[in-house]
Amino acid sequence: MRMSQMFAPTLREVPSEADIPSHQLMLRAGMVRKTVSGVYSYLHLGCRVVRKVEKIVREEMDRQGAQEVLMPAIQSADIWRETGRWDDYGSEMFRLKDRNGREMCLGPTHEEIITVTVRDEIRSYRQLPKILYQIQTKYRDEIRPRFGVMRSREFIMKDAYSFDRDNEGLDRSYEKMYEAYCRVFSRCGVDYRVVEADAGAIGGSQNHEFMVVSEVGEDALVFCDACGYAANVERAESAKPAERVADTEKVRTGIRKISTPGMRTIEEVTGYLKVEPRVLLKTLVYVADGTPVAAIVRGDRDLNEAKLKRVLGCRELELATPEVIERVSGAPVGFTGPVGLRERIKIVADWEATVVEDAVVGANAVDAHLVGAEYGVDYTADIVADIRNVVAGDACPRCGAELCGARGVEVGHLFKLGTKYSSALGAKYLDEGGVEHPIIMGCYGIGITRTVASVIEEHHDDDGIIWPMSVAPYQAVVMPLNTSESAQVEAAERIYSELCKHGVEAVMDDRDERPGVKFKDADLIGFPIRVIVGPKHLGDGEVEVSMRRDGTVELVKIENVAVRVKEIVDRELAALMPE
RNA sequence: CGAGGUGUAGCGCAGUUUGGUAGCGCGCUUGGUUCGGGACCAAGAGGCCCCGGGUUCAAAUCCCGGCACCUCGACCA
């Protein structure tokens, strides 16, 4: 490819809409252009990188015996109604109608359609197991698209689905995908971690997320360096607090009501009473499937709605409106507490909250709190469970060591679905004894375009992108510094054609531009290897082979360049290959 | 959906307060000089000032109503 012909409009200035490095660089390097909010066109370079990542994913899926298919992006509402997700998915689904008024959607995911496809064809245990995958454009009408292709409304995803006759088979399929994912992300050159995650709306039991560690990540993670425990904070368990030792010597001050005029927030109350937030108990009123419940966590903690939802086993969970709070507590927002609620509602307490001595709680009365509240004496809970968010610094739930935190970008997710979809859609098989069973499923996603952004996020500097060899749009660029010097042009042309012959993916920067422009563009686009043909060494029959990553330069005889560059390419690719 | 912000040349922005010929830098075109880190000189092209109404002799500017985009929050395989 010749730079003079390439459709890669680079930008000198940073477009104002981008505020993370990967987004800025993808725009500046001419990889993508936005069409509408959250929807991007991939220009030549962006498309090359996407194809590289897809190729790696295909190789690793195929290596595990998965088979590629391609399902439609447009799906009928009918199958989504069968699993109940036509309603559950809500406004995040792009919905449309055909000319006959039939309801359709642009697929946000493909569990329904793959399950229906398999259900219609698979009858016998002899046809199992199967792992099918596709690389497809997905559509999700995100509330707030952001960070360029990191969170977009149209994006490319690899999704795989496994079909097994039993849980042992599912475990094997899951293992295969787990290994494939490790290999995929290693080959892409990203620093990834595998964490335990929340299953969310997709359902299912065990699941893992593959996260690329990054400060721009939208998920908070915790890790234990001592035992290897790693989890998304949505999911991370808190360590069970030490049992409270009954201190018989201690004289209880007893519970008493105090005036706290206008003090509603944790900061106001703790500031007014000169106490630590940790002795204050926050009582939050939620509405779970239409029924109000109270949830209690320590004042310095955040409630984890996913955990609360799981504990309650409810479908819908949202914070109660001020009217509901007033009705159940008898006081305005800010003074709710577990002692003396007006209405008898279910109380869920975080297990850590129940060991707080002499707690401060809302008095369920205007401008008043209670101090000296004791669990088991003054109030009790219907459920005591882990319902708070874990934070860095907490004790590891497995080994007790201190957890550390990081942020991550979710690039892959593995789910054990079980029979959720096969049961709903009637995907069954007959075993040896002629007995019918639902097929056991798993599903496995990789955000292709998000992975591209993550690679850039991890591999860039002030000048531009520093591609790992495996996903670089081109492996090398040949730069004659002055195109009016025929000797430079001739040498560069010879090198370029030899590189192509040796199978190196090369670009010839044949533009009549000043050297500075070529250097800047090469840095920005991030070709891993630059072959610089300039006046300094051409007289000796040599050119510079320079690495984008560290700027190292080696002088190479013109006739040896292709072989040398090919060596470097192969070496770098091998270094990224697992085993 | 809540709060805030921004829409002016391909990109980045000024001009809006106080209504009166639409500007700057980069990029683009042509010619010339230059050629190891985004050159210089000269001459050019390029605008529905987001859209629709209104006020006014006159609107990028004031008023009303939309739309789009961005940020924060709520939300979320």
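Labels below follow one simple rule: chain letters A, B, ... track the order of the sequence lines, proteins then strands, and each chain is numbered from 1.
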Could you tell me how far [M] sits from [N] if I compare only their [atom1] atoms? Round to whole Å.
N: B:C26; M: B:A39; atom1: P; result: 11 Å
N: B:C24; M: B:G19; atom1: P; result: 24 Å
N: B:C70; M: B:G32; atom1: C1'; result: 44 Å
N: B:A60; M: B:C41; atom1: C1'; result: 34 Å
N: B:G65; M: B:U18; atom1: C1'; result: 26 Å
N: B:G23; M: B:C67; atom1: C1'; result: 27 Å
N: B:U17; M: B:C62; atom1: C1'; result: 11 Å
N: B:A14; M: B:U8; atom1: P; result: 11 Å

Whole angstrom is fine here: how far is it from [atom1] in [X] over to [atom2] in [N]?
X: A:Arg146; N: B:C69; atom1: CZ; atom2: P; answer: 15 Å
X: A:Glu542; N: B:G36; atom1: CD; atom2: C1'; answer: 16 Å
X: A:Glu305; N: B:C76; atom1: CD; atom2: P; answer: 7 Å
X: A:Arg310; N: B:A77; atom1: CZ; atom2: P; answer: 12 Å
X: A:Asp141; N: B:A77; atom1: CG; atom2: P; answer: 15 Å
X: A:Glu513; N: B:G27; atom1: CD; atom2: C1'; answer: 11 Å
X: A:Met150; N: B:C70; atom1: CE; atom2: C1'; answer: 17 Å
X: A:Arg151; N: B:U71; atom1: CZ; atom2: P; answer: 12 Å

Would you indicate what [X] reaches in the nucleic acid, counting non-hydrogen atoms under 4.0 angstrom: base, sugar-phosphate, or nothing?
X: A:Met157; answer: base
X: A:Pro108; answer: nothing
X: A:Thr483; answer: nothing

Going by the angle between their ring planes, with limits at 30° and 60°, are A:Tyr139 and A:Phe94 parallel, tilted or perpendicular?
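Taking A:Phe94 first and then A:Tyr139, their aromatic rings stand perpendicular (interplane angle over 60°).
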For A:Tyr178 and A:Phe210, take the angle between the two ring planes, folded into 0 to 90°, and tell me which bin it lands in: parallel under 30, tilted 30 to 60, perpendicular over 60.
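A:Tyr178 and A:Phe210: perpendicular rings.
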Counting C-beta onward and ignoring hydrogens, is there a side-chain heavy-atom pair between [X] and [Y] closer than 4.5 Å?
X: A:Ile20; Y: A:Met150; value: yes
X: A:Asp461; Y: A:Arg548; value: yes
X: A:Trp86; Y: A:Cys105; value: yes

Going 5' to 3' along nucleotides 38-46 of chain B, which nucleotides have protein heavy atoms under 4.0 Å from the base (write B), which only from the sugar-phosphate (write S), and which from neither (write -)?
BB-------
Check whether any side-chain N or O of A:Lys520 sits under 3.5 Å from a backbone N or O of A:Asp463 as a donor-acceptor pair, and report yes or no.
no
Under 3.5 Å between N/O atoms: give me all the protein pairs with nucleotides 2-6 of chain B, atom names plus distance.
none

Please determine whether a side-chain nitrogen or oxygen atom of A:Thr109 lies at a distance below 4.0 Å from atom OP1 or OP2 of B:A77.
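Looking at the OP1 and OP2 atoms of B:A77, neither is under 4.0 Å from any side-chain N or O of A:Thr109.
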side-chain N/O A:Ser16 vs B:C13 OP1/OP2, d < 4.0 Å
yes
If I take atom CD from residue A:Gln134 and atom NZ from residue A:Lys158, how far apart are they, to the nearest 0.5 angstrom?
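Taking CD in A:Gln134 and NZ in A:Lys158, the distance rounds to 10.0 Å.
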Toward the 5' end of RNA chain B, which comes first, A:Ile532 or A:Asp159, by nearest nucleotide?
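First, find each residue's nearest nucleotide; the 5'-ward one identifies A:Ile532.
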Closest to the 5' end of RNA chain B, once A:Tyr89 and A:Ala18 are matched to their nearest nucleotides, is A:Ala18
Any strand counts, and the cut-off is 3.5 Å on both contacts for Watson-Crick or G-U wobble. Which nucleotide pairs with [N]?
N: B:C72; value: B:G2
N: B:G52; value: B:C64
N: B:U21; value: none
N: B:A58; value: none
N: B:G36; value: none
N: B:A42; value: B:U30

Options [options], nucleotide nearest the side-chain atoms of [X]:
X: A:Ile143; options: B:U71, B:A77, B:A74; value: B:A74
X: A:Ser37; options: B:C69, B:G36, B:A77; value: B:C69
X: A:Glu92; options: B:G36, B:C76, B:A77; value: B:C76
X: A:Pro15; options: B:G12, B:C69, B:G36; value: B:G12

Counting distance alone, no hydrogens or angles: does the base of [N] have a donor or acceptor under 3.5 Å from a partner atom on the side chain of [X]?
X: A:Glu13; N: B:G25; answer: yes
X: A:Glu234; N: B:A77; answer: no
X: A:Glu544; N: B:G36; answer: yes

Among residues at least two apart in sequence or on other chains, which ones pass side-chain hydrogen bond (donor to acceptor under 3.5 Å, both in side chains) with A:Tyr474?
A:His44
Verify the distance criterion only: is there a donor paired with an acceptor across the side chains of [X] and [Y] at less than 3.5 Å?
X: A:Arg530; Y: A:Ser546; answer: yes
X: A:Arg119; Y: A:Tyr421; answer: no
X: A:Tyr161; Y: A:His110; answer: no
X: A:Thr83; Y: A:Glu112; answer: yes

Please identify which of these residues, A:Asp191, A:Val411, A:Val409, A:Leu221, meets the side chain to side chain contact (heavy atoms under 4.5 Å, CB included) condition with A:Met211.
A:Leu221
